[in-house]
Amino acid sequence: MPDSVKSQTKPQGADTQEVKAEEKDAVVSAASTQVNLKDPTQTQIYLRMLKYIKPYWLMFVLGLIAAVPSGAMDGAIAWLAGQGLQKIVVEGREHFIYYVPVAVLIIATSQGVFRFLESYCIRYVGAAAIRDLRNELFAHLEKQPLLYFQGQSSGVLIGRMINDVAIIENAISQTFQSMISRMITLISLAAVVILQSWWLAIVALSILSCIVLPVGILGRKIRKSSRKSQEAIGDLVSVLSESIQGAKIVQSFNLEHFQTTKFHETNQSFFHNTTKAARHEALLSPILAFIGAAGIAAVMWIAGYQVVNNHMTLGSLTSFIIALLLLYSPIKNIGRINGVIQPALAAATRIFEVLDKVPDLIEAPDAKELHGVPHQIRFDKVCFQYPGTNQQVLRNIDFEIPAGQLIALVGLSGSGKSTLANLVPRFYDITSGAITIDGINVNQYKLESLRSRIAVVTQDNFLFNTSIEENIRLGRIDATREEIEQAARAAYAHDFISDLTEGYATQIGERGVRLSGGQQQRLAIARAFLKNAPILILDEATSSLDNESEKMVQEALNNLMKGRTVIVIAHRLSTVRHADRILVLQEGSIVESGNHDTLIEHNGVYKRLIEAQFERQEA
Ligand SMILES: Nc1ncnc2c1ncn2[C@@H]1O[C@H](COP(=O)(O)OP(=O)(O)O)[C@@H](O)[C@H]1O
Ligand SMILES: [Mg+2]
């Protein structure tokens, strides 16, 4: 036997893992290069966010209306306090001693009511808008083709789903809730100030307006560092989820230290950017305080002369200074809001980037339902290349599976078998050629209809973190308990399920970790039984199992294959031998085809593959 075949076939398991690791690297680097392609303007982002508020406009308007009196009453209190002082102390009108405090109390009480209305309405709208955004985001993700998920790290996506949305929610409620009433407060106080002495107001307000400058500069910096820290969160989630899901690999390769270092580095980057944002935010506060103090000092100085020279009443000066002091808080708040809005704008940009990703896999406008059984499948000069790569994975694939027949794909790891099988349920669109089912191109069928007719069992079937019953039910959501049991029996799973103390209600843990490989596999087969699809794809469904469980799983599979059109990828001779036809793949091309006996007689690639396998078993 030639050396090349031997060396290629031996480390099959290792091979696949290397391929997977390479894929992952490619995926990670692809994800990190595709950040922020275009930066929409702030106005565009605001307008787009407003669309989410629109359905709740009534409540929103109510909140805004309530904000007006609630904010204006600050001005009223400032004015009242100064005027009261003037009447009582300067003019000696004693009964005002009673009027003023009562008026202040009444104003404060009604301000409380309006504040409540304002706060509740706006928060409600914020929460509702965010709920809708989150739903839309998830529904959009579910529409994306497989390649989309393979093209980026799950941490980044999860980060967007959870963090970015939370940041926006915070911004919506804080912005509208405080900004609107603060604005009104600002206006009412400014009105009081101007009414008391317009030129003094100009002096004070022009000093206070210097605030705009530091807010603008620091705001930009805050935005930048919080964008970076959000990206770091995505990376943190990535490392974390990989370490949890890959705990076994991490431990068996002693990668704990490696992973810990990676985590520390990412965490450090998060720390660095958070502290940077904190530094800028912290800097903002004393700068604003200083500007405020300078404004007050200037007013005291100028107005002091005015009062002494009788150009201004004491009451006016009091109102003026109270209003000015009250002004400081809303201005500071509005400055702070900028620190909330900036990260939210960054978050919204990232979320809209996800929402704007049009799914590549498009359903034809007049897509058809796939009916009838069993189906005939045809590949017509199919070529395929994974998007973003420059190598053809499949070349000129040409074959037909008559209805109800079993076809086997064999070939070395990486020769394109899984890729070929994945094209039938249209997980990817082909580069050229055509794949037809019953004479009609797969891209002319409704995706849902097409996929409902195809069951796929691979070596790594995703089990959900719920009960056994619910996991099998995924095959057909409306199945009854009897049907589920029937499927489990056909898959040789009923016995082991019944032996569990909680039977079908047993929780199987994340990805089914509480079950053995063979048990997981039989659940996946039960799921496929329940789905009862006329086309079946088995991709190395038994390859990760030991001999004992393999036998059982193989029998379950034999049951499952009956009466369906089957594509089987198997490393086991026994399955392949009974195939109606065997296709031998080599580097993406079919190099041999025929049944077992003719291929052995042909004395080519197939025969060498079989011999190599035989040797492996002997060893
Ligand atoms: N999602 C993917 N993106 C890019 N290349 C891929 C992807 N999946 C597989 N490949 C490449 O396609 C080739 C065929 O892979 P595959 O169909 O999995 O082979 P097999 O199932 O025969 O082992 C390999 O070179 C592999 O690296
Ligand atoms: Mg494969």
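Numbering of ligands and ligand atoms starts at 1, following listing order. Just so it is clear, the structure is predicted and the values come from calculations on it, not from any experiment.
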Presence of N, O or S from S418 under 2.8 Å of the Mg ion (ligand 2): yes

Just to be sure I'm reading this right: ignoring hydrogens, which of Q392, Q391, K417 gets closest to atom 22 (O) of ligand 1? Compare them by their nearest heavy atoms. K417

Got a second to check how far I582's CD1 is from S593's OG, nearest 0.5 Å? 9.5 Å

Any ion pair linking E470 and R473 (charged N to carboxylate O, less than 4.0 Å)? yes

I'd like to know if L412 contacts ligand 1, where contact means a heavy-atom distance under 4.0 Å to any ligand atom. yes

Which atoms of ligand 1 are found less than 4.0 Å from any heavy atom of T419? 14 (C), 15 (O), 16 (P), 17 (O)

Any idea which of S418, G414, G588 brings a heavy atom closest to atom 23 (O) of ligand 1? G414

Atoms of ligand 1 under 4.0 Å from any heavy atom of V393, numbered from 1 in the order shown, are 12 (O), 13 (C), 14 (C)

Within residues 131-141 or reaching into it, pairs that qualify as salt bridge (Lys or Arg N to Asp or Glu O under 4.0 Å) - sequence neighbours excluded: none

Please state whether S415 comes within less than 4.0 angstrom of ligand 1, counting heavy atoms only. yes

Just by modelled atom types, is the Y606 backbone N or O under 3.5 Å from a matching donor or acceptor in the E592 side chain? yes

Polar contacts were defined as any N/O atom of the residue lying under 3.5 Å from an N/O atom of the ligand; does this apply to L420 and ligand 1? no

Residues in salt bridge (charged side-chain N to carboxylate O under 4.0 Å, His left out) with R378, at least two apart? D380, E400

Do NZ/NE/NH1/NH2 and the carboxylate oxygens of E353 and K357 come within less than 4.0 Å? no

Which word best sums up how the rings of H494 and Y504 line up, parallel for under 30°, tilted for 30 to 60°, or perpendicular for over 60°? tilted

Please classify the Q150 to ligand 1 contact at 4.0 Å (heavy-atom distances, strictly less than): side chain, backbone, both or neither. side chain

